[in-house]
Structure formats: C-alpha cells, structure tokens
Amino acid sequence: MFVPDIEPLNIRALLIIAAVSSVMLTVSQGSYVLGFENGEDRPGGDTTNTRKINSNSFSHSSANLAFDQELDFKVGNGFFRRVWVSAPASTQASDGLGPLFNSRGCQRCHVKDGRGHPPLGNEKKSESLLLRLSIPPQTAEQNQLIASGRLLAAPDPVYGHQLQGASIQGFKTEGSLRIEHTPIPVSFKDGEEVILMRPEYRIEDLAYGPLHPEIRLSPRVAPQMIGLGLLEAIDEQDILSQADPDDADKDGISGRPNMVWSRDMNRLTVGRFGLKAGVATINEQNQGAFLGDIGMSTPMFPDHAGDCTEAQQKCRTALHGNSPQYENLEIPAQIVDLVLFYTRNLAVPARRNPKDSTILEGKQYFHRVGCAACHTPSYQTAAISDRPEHSEQLIWPYTDLLLHDMGDGLADGSEEGQANGREWRTPPLWGVGLTEVVNGHTRFLHDGRARNLQEAILWHGGEAENAKTQYMELSKLERQKLLNFVNSL
C-alpha cells in the first residue's frame, strides 16, 4: 500500500483499515482519502452507465430508468440530433432555423454528447465554439436587471448576446472569428518544459456595422452533457455550504455561488449550468440554447427572431416557423420536454480501474496538492419524488459548482450575472478521461486552449495558483500518477 511522506507537525491520527475499505489521513488542514471509497467506481450512482467503453460512451441513458421511459429518451435524442431548416418548409416540425444562428442542431455542437473544441488542424472555424458578446450596463434598467439576477449581461446593441457565424439563405452572417496564438514556455521544478499557447480573439468581416467600443468577447466551447440531471439534483444548501466568499478559513480559496433568477422556480437561486454558472436549470439552459444558438422560439423564449436585435430589422421581420399547429412556436412544449428528459438522463460512465494502486497514488496527489478544494469529490443528491432515477444517489462529479477567481491567464473580462471577468464555475471532472475516446481530441478549459489535462492545470491561477505550484513541484512520475487518476474519472 502506498503511504506518502507526511509532515510531522499537527498529525493527530493515522488510521489504516483493511484493503477493502478506505485509508484516511488526518492533518491539520482537513482530511483526505488515500484508498478506494465505496461507490466511487460508479460516479453516477444507480444511473451509472456500465457498458463497454467506446465513442458512444456519453450517449447512454440512466441505467435505472424504467422500461417505458426509454422511449422518451430515444425520442428526445432524435430531437437533440435533428438538423433544423429554415421556414417555410414542407415539414413544419423541422423548420424555423435562424435567420442568424450558430448551429443547425444541438448535436452539431455537443458532438456525441461530448465536449466541443476550437478550430483544429486546417479548420477555419468550429461549430462547437461560440463567442459571447457583452458590454458594461448602459442604463439604470440594465443595472437593476443584472442586480436582480434577471439579466446576465448587457448585449451589444447591434450584435446581441453572441456572434452568429451562420445564416439562412438571403442573410449575411454577423462576422468571422479569428484566433491567433502566442507561445508561453513553462518550466517545472525538475527541469521539464512545456509550451502553452495563449489564444487571442478578434472579429472580422462584420456585416451589420461596428461593435460597441466597450465590447467584451468571451469564447466558449460546448461542454459535455453527461450527468446534468444529477448536478441539478444536488441540494442547494450543499452547494451554498461550500461557499467562502471572504476566505474566512484563510486557505486561499473563496468560492461563491452565482445567484441568478430562475424562470422555472420564479426566484433567485444558485446557478449551476454554463461555464460561469449563469443558468439555474437544465430546462432554462436548453431553451436558451434553442433561442440563442439555433434561432428558434420556445415556450420560455417565444421570440422567433432568436438573438437578432432591433438594429437587425430584416432578421426580425423574416419568415419564421411559429405555427398554430405547434402552439405558435417553433419548438413547442412537447419537444422541449422530450429534449429535457434526454439531457437530464445522459449517464455518466463507470470509472476505469479505480482500485489500481497507481490510480490510488494519483488520487492522493490530487488531494495533497489541493485540487479537491474546488473539485469537491462527492454528494448525496436530494430526495426527488418525480425523478426517482436521480433521487438520493451517491455521486462523484468532482465540482463545487461555485465561482472561483482563476487569475489573469484565464480571465475573459466578461461579467455574467454575479460572476466577474476572472471567475469561472468549477467544471465537473467525471468522464474527462474519455474525451479523446468520444470526441477524438483532448482540448480543455472554457475555450479549449489546453491541449491536454496537464496544460489545463498549468493555466490555473488566482485561487488555484497554490495548487498549480504544488503540482509543478511534483516529480514527473508523481505528476503522471495524478493525471492517471484524473483520466480514470
């Protein structure tokens, strides 16, 4: 059994249990687990997908769904994969795209329900990378809406909340995103050197006039879709209890929730979804994506013109797919509900080799350098009577769902609700090691700049600076063991 070097100060107890249980090391800073813990091989609890690992590993349903629910999952999958077309079309159930949009369908960004990426190789653009636009609040009303959580950010007066890089026939796309990179060398304590690539973003070929002079650009790649229903099922108090906005315990970590207005709950609540935790529920996230990314109206967002602004009148008065047959919408409630069921029930795959001694050594280093201070390993979900598959499950997402200052290197300067330009939500780590299997790449962080997990760690700053420094002081073998553990999640 592996036992790490232990500082002699303030050690109160060292309890070693049999190999079938956990090994707990108690130090003055807290406790962390060295050995295998019961249930961590099934990170989604009873929902965990235990099928053979392959490129479809993010696309299976919760393992504990009732038989009659499987049909809803499959139909929801069909709508998630649907490629929408412009109106009018011969089939009203498929029209309403745009006129300006970022993608023709959900699956085009969340390929195989996995992680997006920036342009790779000879690609000039990537459908799974979008560019959020915002400006400082311009009116008292905007300030009030942002303060109340009802508005995340003030949009560009011409181009709205995001750059639309595609359009239907007869309309010009809003512009083109260009990315240039600057190499940044980083040296480890043992002398190894790696080169990070810092991306710089600009917009070219603007079709509708200039951007606001105070425009802020925030590139975002589509996140993986697994385990969303379980994250939604975590009790709100379990998230709030981890917040330490003033760093009262002086550990350098001051996570805080992004409190946003939920249309579903009709109240201010914890944001859980989106890269800055700007959305409270999966339903709101889904319907917002239909509107902003595909340009289609839903019950929550009935505007058929999508993200088109008043300055884009041709777009706002274009033919659309709102139909009496479908509640005078393009995406009626029945389709919204089926897509919601599908996205709530994409199962987390089982861990790979979680009891392997090398993996367990890596787990120890993960805790020792401080990764778990933000990447909270586990939760017990709340009791939910109408969603028994997600109710009272022991899950292992490795996130606190809080905002953290990640330093200048990752700052985008864009505010989103209560999140400032340096803050990002801690992303869940479950399934991260299968990104290459499912999506054919290993690009990470909010804009995919990290080409592998080690680069993702090296971009950490701000509250994570100390953890990054400790990682860099590990030996190459120790670093690899830590990465092996993360890849097993």
Side-chain angles (χ1 to χ4, degrees), residues 43-45 47-49 56-66 69-84 102-116 127-128 130 220-234 262-265 271-275 277-294 296 298-301 330-349 381 384 386-391 393 395 397 399 401 425 427-428 430-431 434-435 438-439:
T47 73
T48 303
N49 157 37
N56 294 315
S57 289
F58 290 169
S59 299
H60 299 302
S61 61
S62 299
N64 59 349
L65 281 185
Q69 292 177 302
E70 288 290 346
L71 178 60
D72 286 342
F73 181 84
K74 289 180 172 61
V75 176
N77 182 20
F79 285 113
F80 195 82
R81 292 173 178 269
R82 175 165 290 183
V83 177
W84 303 93
N102 190 67
S103 177
R104 291 180 177 270
C106 309
Q107 188 78 203
R108 302 281 287 267
C109 292
H110 304 276
V111 179
K112 300 187 80 64
D113 305 296
R115 190 183 307 274
E127 206 166 331
S128 58
L130 63 83
R220 314 281 179 92
V221 294
Q224 64 187 24
M225 300 294 294
I226 57 173
L228 298 184
L230 294 169
L231 296 178
E232 191 176 49
I234 297 172
S262 169
R263 295 169 184 258
D264 278 327
M265 304 178 193
R272 304 172 189 235
F273 304 104
L275 293 167
V279 184
T281 69
I282 305 169
N283 183 44
E284 292 167 281
Q285 180 76 13
N286 289 350
Q287 294 199 47
F290 271 122
L291 179 81
D293 299 343
I294 310 178
M296 303 187 74
T298 69
M300 189 174 288
F301 304 107
E330 293 162 328
I331 307 293
Q334 184 178 17
I335 294 177
V336 165
D337 290 345
L338 287 165
V339 172
L340 175 60
F341 188 81
Y342 175 73
T343 51
R344 272 180 172 164
N345 282 289
L346 285 161
V348 179
T381 63
I384 308 175
D386 60 343
R387 285 166 53 194
E389 64 272 17
H390 299 136
S391 181
Q393 298 293 322
I395 64 172
T399 175
L401 296 174
R425 181 201 67 161
W430 52 15
L434 294 177
T435 301
V438 174
N439 295 119

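In this text the structure is predicted, and so the values were computed from the model without any measurement.
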* Could you tell me whether Arg108 and Glu127 make a salt bridge, using a distance below 4.0 angstrom between a side-chain N and a carboxylate O? => yes

* side-chain contact (heavy atoms from CB on, under 4.5 Å) between Phe58 and Leu346, intermediate numbers included -> CA-CA 7 Å; Phe58 290 169; Leu346 285 161; over 6 Å; no

* Check the pair Ile294, Asn102 against side-chain contact (heavy atoms from CB on, under 4.5 Å), reporting the backbone distance first and the verdict last. => CA-CA 6 Å; Ile294 310 178; Asn102 190 67; over 6 Å; no

* **Close side-chain approach of Phe301 to Glu284, heavy-atom, < 4.5 Å** => no

* Asked: Just by distance, do the side chain of Thr381 and the backbone of Gln393 share a donor-acceptor pair under 3.5 Å?
  -> yes

* To do: Please determine if Arg344 and Glu232 form a salt bridge, counting it only when a charged side-chain N lies under 4.0 Å from a carboxylate O.
  => yes

* Structure fact -> One should read off an interatomic distance between Leu338 CG and Leu71 CG, to the nearest 0.5 angstrom, of 8.5 Å

* Structure fact -> All heavy atoms of Cys109 vs all of Ala222, minimum pair found to be O-CB, 3.7 Å

* Pair Thr435, Gln224: side-chain N/O donor-acceptor within cut-off below 3.5 Å -> no

* Asked: How about Pro428 and Leu231: do any of their side-chain heavy atoms sit closer than 4.5 Å?
  -> yes

* If you measure from CZ on Phe80 to NE2 on His110, what distance do you get to the nearest 0.5 Å? -> 5.0 Å

* Structure fact -> In terms of heavy-atom contacts, Pro299 and Val336 come closest through CD-CG2, 3.7 Å

* **Atom CD of Glu70: over 12 foreign heavy atoms under 6.0 Å** => yes

* Identify the two heavy atoms, one from Leu434 and one from Ser57, that lie closest to each other, and give their separation to 0.1 Å. => CD1-CB, 4.3 Å

* To do: With the side chain counted from C-beta on, respond yes when Asp293 and Leu130 share a heavy-atom pair under 4.5 Å apart, and no when they do not.
  => yes

* Taking atom types as modelled and ignoring hydrogens, do the side chains of Asn283 and Asp264 form a donor-acceptor contact shorter than 3.5 angstrom? -> yes

* Do Cys106 and Arg81 come close enough that some side-chain heavy atom pair is under 4.5 Å? -> no

* **side-chain contact (heavy atoms from CB on, under 4.5 Å) evaluation trace for Arg272 with Ile282** => CA-CA 9 Å; Arg272 304 172 189 235; Ile282 305 169; over 6 Å; no

* For the residue pair Pro43 and Val348, what are the closest heavy atoms and their distance? -> CG-CG1, 3.7 Å

* To do: Using a 4.5 Å cut-off on heavy atoms from C-beta on, say whether the side chain of Leu291 contacts that of Thr298.
  => no

* To do: Decide yes or no for Ile331 and Trp84: does some side-chain heavy atom of the first lie under 4.5 Å from some side-chain heavy atom of the second?
  => yes

* To do: Taking all heavy atoms of Ala280 and all of Ser262, pick out the closest pair and write down the distance.
  => CB-CB, 3.8 Å

* Asked: Heavy-atom distance under 4.5 Å between the side chains of Ile384 and Asp386, does that happen here?
  -> yes

* Apply side-chain contact (heavy atoms from CB on, under 4.5 Å) to Asn64 and Thr48, showing your working. => CA-CA 8 Å; Asn64 59 349; Thr48 303; over 6 Å; no

* **Criterion side-chain contact (heavy atoms from CB on, under 4.5 Å) against Asn345, the qualifying member of Gln69, Arg387, His390** => His390

* Structure fact -> Interatomic distance, CZ@Phe79 vs CD@Gln334, rounded to 0.5 Å, equals 7.0 Å

* Structure fact -> Only residue of Asp72, Asp337, Asn286, Asp113 satisfying side-chain hydrogen bond (donor to acceptor under 3.5 Å, both in side chains) with Tyr342 is Asp113

* Hey, are the side chains of Gln285 and Phe273 touching, using non-hydrogen atoms and a 4.5 Å cut-off? -> yes

* Can you measure from CG (Leu65) to CZ (Phe341) and round to the nearest 0.5 angstrom? => 4.5 Å

* Working to the nearest 0.5 Å, report the span between OG of Ser62 and CG of Leu230. => 6.5 Å

* Asked: So, Asn439 versus Lys112: side-chain donor-acceptor pair below 3.5 Å or not?
  -> no

